[in-house]
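FYI, side chains are in, hydrogens and waters are out, and symmetry mates aren't considered; it's all heavy atoms of this structure. So you know, we letter chains A, B, ... as the sequences are listed, proteins then strands, and number each from 1.
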Amino acid sequence: MRNAILSAIFEQMADIMEILGEDPFRINSYRKVSRALSELPADVGVLLEDGRLAKTPGIGKSSLAKIREFVESGRVAAHEELLERIPPSLLELLHIPGMGPKGVKAVYEGLGVEGVGDLKKAIENGTLATLPGFGEKRAAAIARGIEFLEKSTGRIRLDQAMEAAEMVVACLHELPGVERIEPAGSLRRRAETIGDIDILVAASRGSGKSETSPGQIIESFTQASFVERVLAAGDTKGSAIIQTETTPVQVDVRVVPAESFGAALQYFTGSKQHNVRLREIAVKGKLKLNEYGLFDGDTQLAGATEEEIYERLGLDPVAPLLREDRGEIEAARAHALPELVRIKDIRGDFHMHTVASDGRNGIEEMAEAARQRGYAFLCITDHSESSIVANGQSPKRLAKQIEQIRKIAAGLKGITLWAGAEVDIGADGSLDFDDKLLAELDYVVASIHSGMGSPREKVTMRTLKAMDNPYVSCIGHPTGRLLGQREAMDLDIAAVIEQAARTGTALEVNANPYRLDLKDVHCKRAVEAGVKLAIGTDAHSTAGLGLMHFGVATAGRGWATRDDVLNTLSPAKLKTWLRAKRPR
DNA sequence: GCCGTTTTCGGCCCGACTGTTTTCAGTCG
């Protein structure tokens, strides 16, 4: 928690300094510190003690002193001094599209505007438009920005973003002259939530009369029926707001010539931080990297493919999933990038429900759907008794279901069907079923479904205790978050990972796009600790099995290889792994 | 403020689009 608070403090200091017009490079270094703090592997206090914080890139002497001050006194004097120089409500204006630090400073000094309410009034009574540097159009754009901010619920889930992107791709890919079209940005990196959607188009340069010019491609996009509002439409770039099921989202379409497609794809895939690092490497080599290619003066050295750009910079090609500046550049230079787990490595699914609890399909249907996916195994894991709303099974019902599963399994060819359960972890860390019944199961995923708002000590204790049980194979959706709906539990993830490693318990990567739990950075820490990941779709129907790719992407973003993921094992090897924790 | 097999000082990523600019600043990604 302290990490997040400190990260926010540095971010806010950067925002205030930006409004005050201070040195941009200094401001940038504050933002780097903020980001470094948000991604630390453990509590700042611990890292400060053992000296790891001082070695963290981006955190220098001056920031270290501020962090130490915070750890010791709970405050940062420099932060408090900055807060005295502007009204804090001014900072909310920075989030309005079309308002930047200069604009905020101008409305504050010129009109006495101190917050969104004041700004709205200044737009309505026309005074904003009279301010130097503003005007009717800009005032109107800012009014729309405020409206967007109020309507938008923020970032959208990965599955929503993919659906929206497919709609735009379908609209553009039939146009003559469009050679390739590819979603880029955080969507291509499979980030857990998406702020805006980037679509990249390669247009042929041919002069044929039937060809479409880049400007016409942009026009086709901005005039599409799903577009709610056009933000910009130039010769090579267009931005528009489109509506999704829950919230408006911004889509940017960019058109580049085919010979630059790789460079543009690299550029627009990001992340911003990853790209900044690459361009710094280019500059050190007296080169220039932009969306058109890698250049030595006017000579293009690379640009058609992403791979050649990385290679000309002395790096192994980096998978989009890893491009977050979380160590992948150093690994690429040292030829030490992990070979990430892929969807085709997946041989089965660990987590699914049937009509026995709250699923929509029966055991045979799930098995058949798994077989059609080419799987070698599947585990049926219906809810246990405590999950009353999910129609959880009593010990008696489970015992009967195990018999039923054995019978069906015996008649199946080419796929191994296992009996499992998703067992509730109680308030005291006990499980719904006794060990005797659990021992009858091939696979047990233990999950918390209640008391998620309990204090850190409690939710952590419950999870650790469940792992002590020799029949618990895996902890299901360990943090319990629902993206956009419910915060993660305040779980001591470091303690959970340590216990998982010690007890030989797997941690789930729940593939449901609402969950993605463990999340990417937690997966990475689990992998580093040698903990196995079990990807489960938590399917409640045969269609739900198709969510697997979201889990694979999340594990990949956590640097997981085949060896880190239990789903890649053959049924025989898996059986051996599962038995290892159990009493002989 | 941070950082260094070209530097302990002097750099610090790059380009498109818009509006109000009569030649470019601000914003965005």
Contacts under 3.5 angstrom, residues 335-342 of chain A side chains, donor-acceptor by atom type, not counting sequence neighbours:
residue	atom	partner	partner atom	Å
His335(A)	ND1	Asp316(A)	OD1	2.9
His335(A)	ND1	Asp316(A)	OD2	3.0
Arg342(A)	NE	Asp345(A)	OD2	3.4
Arg342(A)	NH2	Asp345(A)	OD1	3.1

### Query
Closest approach of Ser220(A) and Leu172(A), non-hydrogen atoms and distance?
CB-CD2, 4.2 Å
### Message
Taking pairing as Watson-Crick or G-U wobble with both contacts under 3.5 Å, can you name the mate of dT8(B), or confirm there isn't one?
### Response
none
### Message
If the cut-off is 4.0 Å, is Thr236(A) near the phosphate of dC17(B), judged by side-chain N/O to OP1 or OP2?
### Response
yes
### Message
How long is the straight-line distance from CG of Asp517(A) back to CG of Leu482(A), given to the nearest 0.5 Å?
### Response
8.5 Å
### Query
Roughly how far apart, to the nearest Å, are dG1(B) and dT5(B) at atom C1'?
24 Å
### Message
Checking Glu306(A) now: which residues fulfil salt bridge (charged side-chain N to carboxylate O under 4.0 Å, His left out) with it, not counting sequence neighbours?
### Response
Arg188(A), Arg323(A)
### Query
Got a sec? Which of residues 41-59 of chain A come in under 4.0 Å of DNA chain B, heavy atoms?
Pro57(A), Gly58(A), Ile59(A)
### Query
Considering only the C1' atoms, how many Å lie between dC3(B) and dT8(B), rounded to the nearest integer?
9 Å
### Pairs where residues 106-123 of chain A contributes a residue and the test side-chain hydrogen bond (donor to acceptor under 3.5 Å, both in side chains) is met, not counting sequence neighbours
Lys120(A)-Glu150(A)
### Query
How does each nucleotide of nucleotides 5-12 of chain B score, in 5' to 3' order, for protein heavy atoms under 4.0 Å: base (B), sugar-phosphate only (S), or none (-)?
-B-----B
### Task
Identify which nucleotide among dC13(B), dC2(B), dG15(B) has an atom closest to any side-chain atom of Lys288(A), counting heavy atoms from C-beta outward.
dG15(B)
### Query
Nearest to the side chain of Ser62(A), which nucleotide is it out of dG1(B), dG15(B), dA16(B)?
dG1(B)
### Message
Please give the distance between the C1' atoms of dT18(B) and dT7(B) as a whole number of Å.
### Response
39 Å
### Task
Determine yes or no for a side-chain-to-main-chain donor-acceptor pair under 3.5 angstrom, with Thr222(A) supplying the side chain and Glu219(A) the backbone.
yes
Please set out all donor-acceptor pairs under 3.5 angstrom arising from side-chain atoms of residues 130-141 of chain A, sequence neighbours excluded.
residue	atom	partner	partner atom	Å
Thr130(A)	OG1	Thr127(A)	O	2.6
Arg138(A)	NH1	Gly133(A)	O	3.3
Arg138(A)	NH2	Gly98(A)	O	3.4

### Query
Looking at Glu328(A) and Arg277(A), does any basic side-chain N land under 4.0 Å from a carboxylate oxygen?
no
### Task
With a 4.0 Å heavy-atom cut-off, tell me which residues in residues 217-233 of chain A come close to DNA chain B, sorted by residue number.
Ala232(A), Ala233(A)
### Message
Using heavy-atom distances to pick each residue's nearest nucleotide on DNA chain B, tell me which of Tyr30(A) and Val276(A) is more 5'.
### Response
Tyr30(A)
#### Entry: Interatomic distance, Glu136(A) CD vs dT20(B) P [rounded to whole Å]
8 Å
### Query
When the P atoms of dG26(B) and dT22(B) are considered, how many whole Å apart are they?
14 Å
### Task
Sticking with atom P, work out how far dC28(B) lies from dT20(B), rounded to a whole angstrom.
15 Å
### Task
Enter the distance from Gln273(A):CD to Glu39(A):CD here, rounded to the nearest 0.5 Å.
9.0 Å
### Query
Can you check the Leu128(A) CG to dG19(B) P distance for me, whole Å?
14 Å
### Task
Using the C1' atom as the reference point in each nucleotide, state the distance between dC13(B) and dG29(B) in Å, no decimals.
12 Å
### Task
Enumerate the residues from residues 72-93 of chain A whose closest heavy atom to DNA chain B is under 4.0 Å, giving them by residue number; use none for an empty result.
none
### Sidechain N-carboxylate O distance under 4.0 Å for Asp564(A), Lys524(A)
no
### Message
If only side-chain N and O atoms count, and only distance matters, is there a donor-acceptor pair under 3.5 Å linking Tyr310(A) with Gln266(A)?
### Response
yes
### Message
Does a side-chain N or O of Asn275(A) approach OP1 or OP2 of dC13(B) to a distance below 4.0 Å, or not?
### Response
no
### Query
Charged N to carboxylate O below 4.0 Å: is that the case for Glu49(A) and Arg68(A)?
no
### Side-chain N or O of Arg279(A) closer than 4.0 Å to phosphate OP1/OP2 of dC13(B)
no
### Separation of the C1' atoms in dT21(B) and dG10(B), to the nearest angstrom
32 Å
### Message
Using a 4.0 Å heavy-atom cut-off to protein, can you give one letter per nucleotide of nucleotides 24-29 of chain B, 5' to 3': B if the base is in contact, S if only the sugar-phosphate is, - if neither?
### Response
--SSSB
### Message
Quick one, Arg481(A) with Lys519(A), criterion side chain to side chain contact (heavy atoms under 4.5 Å, CB included). Give me CA distance, side-chain angles, the key distance, then yes/no.
### Response
CA-CA 10 Å; Arg481(A) 71 170 179 179; Lys519(A) 65 176 176 181; 3.3 Å; yes
### Query
How would you label the contact of Leu278(A) with the nucleic acid (heavy atoms, under 4.0 Å): base, sugar-phosphate, or nothing?
nothing
### Query
Can the positive tip of Arg157(A) be found less than 6.0 Å from the middle of the six-membered ring of Tyr514(A), inside 45° of the ring normal?
yes
### Task
Measure the spacing between CD of Glu163(A) and CD of Glu166(A) and express it to the nearest 0.5 Å.
7.5 Å
#### Entry: Arg26(A) vs Gly135(A), nearer the 5' end of DNA chain B by closest nucleotide
Arg26(A)
### Query
Excluding sequence neighbours, so at least two apart, what forms ring-ring contact (aromatic ring centres under 6.0 Å, His included) with Tyr30(A)?
Phe10(A)
Without placing hydrogens or testing angles, list every side-chain donor-acceptor pair under 3.5 Å for residues 75-83 of chain A, not counting sequence neighbours.
residue	atom	partner	partner atom	Å
Arg75(A)	NE	Glu80(A)	OE1	3.2
Arg75(A)	NE	Glu80(A)	OE2	3.3
Arg75(A)	NH2	Glu80(A)	OE1	2.8
His79(A)	NE2	Gln12(A)	OE1	2.7

### Task
Would you please name every residue forming a ring-ring contact (aromatic ring centres under 6.0 Å, His included) with His477(A), sequence neighbours left out?
His449(A)
### Message
Within the 4.0 Å heavy-atom criterion, would you say Arg254(A) contacts the bases, only the backbone, or no part of the nucleic acid?
### Response
sugar-phosphate
